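What follows is a set of notes on a single structure, which appears directly below.
Note that the structure is predicted; figures quoted are calculated from it, not measured. Counting begins at 1 with the first residue of the sequence.
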Amino acid sequence: MQNKKIFAIKLFLLAGLIVWNIGIFSPCLIGKDNLFAYHLIKFFYSPVCHQISEKSFTCNHLQLMVCARCTGIYFGALITAIFNLLPVAVSISKRLIIYAAIPMLIDVILINLGVYNYNKVIAFITGNIFGASVFIFIFEIVKDYFLELTKEKDF
């Protein structure tokens with residue numbers, strides 16, 4: 001019974017990430033024909049990202065809804081959520097999340113120091129590493145919370 005609950009949690013988180021990533025990549029789907037929808041979706045994503053056009057990937061001549069680093073974070077979480085469906089238990093410590101954030105932090109620091117210019121691919125990759133590790137950590141928190149809730153109801 002517990003495995004079914006855990007799998008349901010995995011599916012729920014995966015579904016949320018699929019919807020979120022579809023929104024991010026929506027310019028690839030809606031194109032230039034529906035600019036109202038594009039700007040509405042972009043407004044929806046504005047609280048989670050600066051959306052600077054020079055730091056964002058484009059599709060159909062439209063900027064994706066978040067910058068390259070945020071795209072990497074959310075895409076890394078999505079890929080990890082897909083692999084999380086496999087019957088393998090993976091957990092992560094807070095320390096490992098810090099280690100996963102280090103490449104991203106180094107990239108940001110070096111850019112701000114002027115050592116090199118912003119590179120969308122590097123930002124995407126470092127975001128991807130961080131997003132994958134954060135997803136595993138969040139999944140563990142959500143899983144433990146819901147298992148505790150259902151344990152209390154079983155009594």
Side-chain angles (χ1 to χ4, degrees), residues 1-31 34 36-52 55-60 62-109 119-155:
M1 183 67 164
Q2 188 167 339
N3 287 338
K4 288 182 181 180
K5 291 177 186 176
I6 292 171
F7 192 73
I9 294 167
K10 289 178 178 184
L11 284 177
F12 178 76
L13 291 174
L14 175 61
L17 282 166
I18 288 171
V19 170
W20 188 255
N21 275 272
I22 286 173
I24 291 170
F25 290 95
S26 62
C28 300
L29 305 171
I30 61 175
N34 197 342
F36 176 75
Y38 171 78
H39 289 292
L40 183 66
I41 297 168
K42 188 169 175 151
F43 175 77
F44 180 75
Y45 281 85
S46 65
V48 297
C49 181
H50 55 72
Q51 299 177 323
I52 296 172
K55 295 184 176 188
S56 301
F57 293 117
T58 58
C59 186
N60 291 331
L62 294 171
Q63 171 186 334
L64 295 187
M65 298 302 155
V66 294
C67 71
R69 190 174 322 280
C70 291
T71 301
I73 290 169
Y74 296 124
F75 191 71
L78 175 65
I79 297 302
T80 305
I82 292 168
F83 282 112
N84 195 36
L85 293 176
L86 299 172
V88 178
V90 178
S91 63
I92 195 165
S93 69
K94 290 178 187 175
R95 182 178 293 169
L96 194 54
I97 290 177
I98 293 169
Y99 293 151
I102 288 173
M104 190 170 60
L105 292 172
I106 290 171
D107 183 41
V108 170
I109 290 168
N119 183 305
K120 294 176 193 174
V121 175
I122 293 172
F124 178 84
I125 292 169
T126 59
N128 211 300
I129 294 166
F130 182 68
S133 62
V134 167
F135 172 81
I136 295 168
F137 186 73
I138 290 172
F139 168 71
E140 288 297 315
I141 292 170
V142 171
K143 178 187 76 168
D144 292 345
Y145 175 75
F146 281 107
L147 290 178
E148 191 65 34
L149 276 179
T150 57
K151 189 187 316 179
E152 290 174 7
K153 290 182 179 181
D154 289 341
F155 287 112

Residue set satisfying side chain to side chain contact (heavy atoms under 4.5 Å, CB included) with Ala132, at least two apart, ordered chain then number -> Thr80

Sorted by chain and residue number, the side chain to side chain donor-acceptor pair (under 3.5 Å) partners of Lys42 (sequence neighbours excluded) come out as Gln63

Would you be so kind as to tabulate the donor-acceptor pairs closer than 3.5 Å made by side chains of residues 14-30, with sequence neighbours excluded?
residue, atom, partner, partner atom, Å
Asn21, ND2, Leu17, O, 2.9
Asn21, ND2, Tyr74, O, 3.2
Ser26, OG, Gly23, O, 2.8

Applying side chain to side chain contact (heavy atoms under 4.5 Å, CB included) to Phe83 and not counting sequence neighbours gives Ile79, Leu86

Those residues at least two apart in sequence (or on a different chain) that pass side chain to side chain donor-acceptor pair (under 3.5 Å) with Lys143 are Glu140

Taken to the nearest 0.5 Å, the spacing of His50 NE2 from Cys70 SG works out to 6.0 Å

So the salt bridge (Lys or Arg N to Asp or Glu O under 4.0 Å) pairs with at least one residue in residues 120-137 (sequence neighbours excluded) are none

Val48 and Val66, any side-chain heavy atoms less than 4.5 Å apart: yes

ask   = Is it the case that more than 12 heavy atoms not belonging to Phe139 sit under 6.0 Å from its CZ atom?
value = yes

Value for CE (Met65) from CZ (Phe43), rounded to nearest 0.5 Å, stands at 13.0 Å

With sequence neighbours left out, the residues meeting side chain to side chain contact (heavy atoms under 4.5 Å, CB included) with Thr58 are none

Quick note, salt bridge (Lys or Arg N to Asp or Glu O under 4.0 Å) partners involving residues 66-86, not counting sequence neighbours, are Arg69-Asp107

Quiz item: Any side-chain heavy atom of Phe137 sitting closer than 4.5 Å to one from Leu96?
Solution: no

- Query: Does Asn60 use its side chain to pair, donor to acceptor, with the backbone of Leu62 at less than 3.5 Å?
  - Reply: no

Query raised in the report: Should we count CZ of Phe146 as having more than 12 external heavy atoms under 6.0 Å?
Result: no

Do Met104 and Ile129 come close enough that some side-chain heavy atom pair is under 4.5 Å?
no

Is there a side-chain contact between Leu147 and Ile6 in this structure, where contact means two heavy atoms from C-beta onward sitting under 4.5 Å apart? yes

Note to self: Using side-chain heavy atoms (C-beta onward) and a distance below 4.5 Å, is Ile52 in contact with Cys67?
What the structure shows: no

Self-check item: Whether Phe57 and Phe124 hold their rings parallel, tilted or perpendicular, with breakpoints at 30° and 60°
Solution: perpendicular

Would you say Asn34 and Tyr38 make side-chain contact, with heavy atoms under 4.5 Å?
no

Rounded to the nearest 0.5 angstrom, the NZ-CD1 distance for Lys4 and Ile9 is 14.5 Å

In this structure, CG of Leu85 is separated from CG of Leu11 (nearest 0.5 Å) by 5.5 Å

The complete set of salt bridge (Lys or Arg N to Asp or Glu O under 4.0 Å) pairs with one or both residues in residues 72-95, sequence neighbours excluded, reads none

Ile138 meets the side chain to side chain contact (heavy atoms under 4.5 Å, CB included) criterion, sequence neighbours left out, with Val134, Val142

Output for pair (Ile109 CD1, Ile102 CD1), nearest 0.5 Å, gives 10.0 Å

In this structure, CD1 of Ile125 is separated from CG of Asn119 (nearest 0.5 Å) by 8.0 Å

